> 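Before I ask anything, here is the structure I am working with.
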2 protein chains.
Amino acid sequence: MKLYDLAVSGNCYKVRLFAALAQIELELVAVDFSRNEHKSEAIFSLNPWGQVPILQDDALVLRDAQAILVYLAGRYGGEAWWPGEAHLQGQVMQWLSVAANEIQHGPSAARLIKKFGANLDAPLALRRSEHILGLIDEHLATHQWLAAGRPTIAECAVFPYVALAWEGDVDISPYQNIAAWIARIKALPGFIAMPGVELAS
Amino acid sequence: MKLYDLAVSGNCYKVRLFAALAQIELELVAVDFSRNEHKSEAIFSLNPWGQVPILQDDALVLRDAQAILVYLAGRYGGEAWWPGEAHLQGQVMQWLSVAANEIQHGPSAARLIKKFGANLDAPLALRRSEHILGLIDEHLATHQWLAAGRPTIAECAVFPYVALAWEGDVDISPYQNIAAWIARIKALPGFIAMPGVELAS
């Protein structure tokens, strides 16, 4: 099973992190952005969006980190990470939407601007970051985990760009509950780092 | 089962449309935006995001249209709308992410600006609209439905703001495959309209 991967991508890290936590073996295929490989015919033929991650499992090709998490957890990760009960799937899904929407257009956008020079509205990305981080922090004031009372793919979808927010000059130090949640995630067996996200010290 | 609802909201329409197609009975609770009811304590206590739709099913409260679709389909709609197989869930999930991300920040944002005076970047919303509509049209050139070879909750999540795009001055007339897909959706038994989206003529 191949993951078309970029080391500095938080979206790719969502998948690498989940695979590490759930002990799923992936063959990483590095896509070289400095050589514009993500705009190559080979990548566009797999994903018309021209983005990574892309998962290839025999004949199945999936784009979008959240979709890959749902597939991998459902197929190889088991109920622990993607519950079968409808009300728990609904709870997890709330956070997959947050990852695709508010996190992508908040802390991830701030990082794209600051670290990669993306031409986006920086003050808007910072305002959106503060808003969603405040909501996550409030939720974590009364919950150890985002959904279902246990670590799920919701953590893998939301954690990466929260932990990388500092690279976009988003200050997460005011959010005590987020800090405690990050520590809990880093303590999970199998947790892996990425550039900008360190292992627990 | 209560749905806190706003008639002109495409996100609420996602849920109303699915419930109509899958014959699920909902009690609609109209939230009066002109009287700022969505900023009331009652709404914030159910959803700290201060947004509708909100679903209340006994003790369960869910925000986010995509999460509500996953829950309703899993609990009351059956395999037809939200398949149990992991690879098909992954396919559907790709489009739930598109609804939460590219559609929300494309055609939905363009409509918020034009129809409701939202202070957002109009040229950016139009560029994003053209990009995602082009990708959807390309996908529909070789697929009758977005995922799984049949109508699923992916249709309910993506269709509303595509059909409402004209209210944001987004021209969807170049997209022939989208036009045919819209016609197929409108022909589904139980299809309902909303302000800005007419029944099939």
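All values below come from the heavy atoms of this structure, side chains included, with hydrogens, waters and symmetry mates left out. Fair warning: this is a prediction, and the values are worked out from it, not measured in the lab. Quick note on labels: first sequence line is chain A, next is B, and so on, each numbered from 1.
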> Tell me whether the count of non-hydrogen atoms from other residues, nucleotides or ligands lying under 6.0 Å of CG in B/Asn119 goes above 12.
no

> Please classify the contact of A/Leu60 with chain B as side chain, backbone, both or neither, using a heavy-atom distance under 4.5 Å.
side chain

> Out of B/His105, B/Glu102, B/Met93, which one racks up the most heavy-atom pairs below 4.5 Å with chain A?
B/His105

> Of all the heavy-atom pairs spanning B/Trp82 and A/Gln89, show the shortest one and how long it is.
NE1-OE1, 2.9 Å

> Over all heavy atoms of both residues, which pair between A/Ala100 and B/Ala100 is shortest? Give the atoms and the distance, please.
CB-CB, 4.2 Å

> Closer than 3.5 angstrom, by distance alone: can the side chain of B/Gln94 be matched with the main-chain N or O of A/Leu62 as a donor-acceptor pair?
no

> Looking only at non-hydrogen atoms, find the nearest pair between B/Gly90 and A/Ala67 and report the distance.
O-CB, 3.4 Å

> Side chain, backbone, both or neither: which part of A/Glu85 has a heavy atom under 4.5 Å from chain B?
neither

> Please state whether the side chain, the backbone, both or neither of B/Val98 comes within less than 4.5 Å of a heavy atom of chain A.
side chain

> Let me know if B/Asp64 has heavy atoms under 4.5 Å from chain A in its side chain, its backbone, both or neither.
side chain

> Parallel, tilted or perpendicular: which one describes the rings of B/Trp95 and A/Trp49, with boundaries at 30° and 60°?
perpendicular

> What part of A/Leu55 gets within 4.5 angstrom of chain B, counting heavy atoms only: side chain, backbone, both, or neither?
neither

> Select one option (side chain, backbone, both, neither) describing which atoms of A/Ile132 are under 4.5 Å from chain B's heavy atoms.
side chain

> Among B/Arg128, B/Gln104, B/His131, who wins on heavy-atom pairs under 4.5 Å with chain A?
B/Arg128

> Step through the shown structure and confirm whether more than 12 heavy atoms of other residues, nucleotides or ligands are within 6.0 Å of NZ on B/Lys114.
no

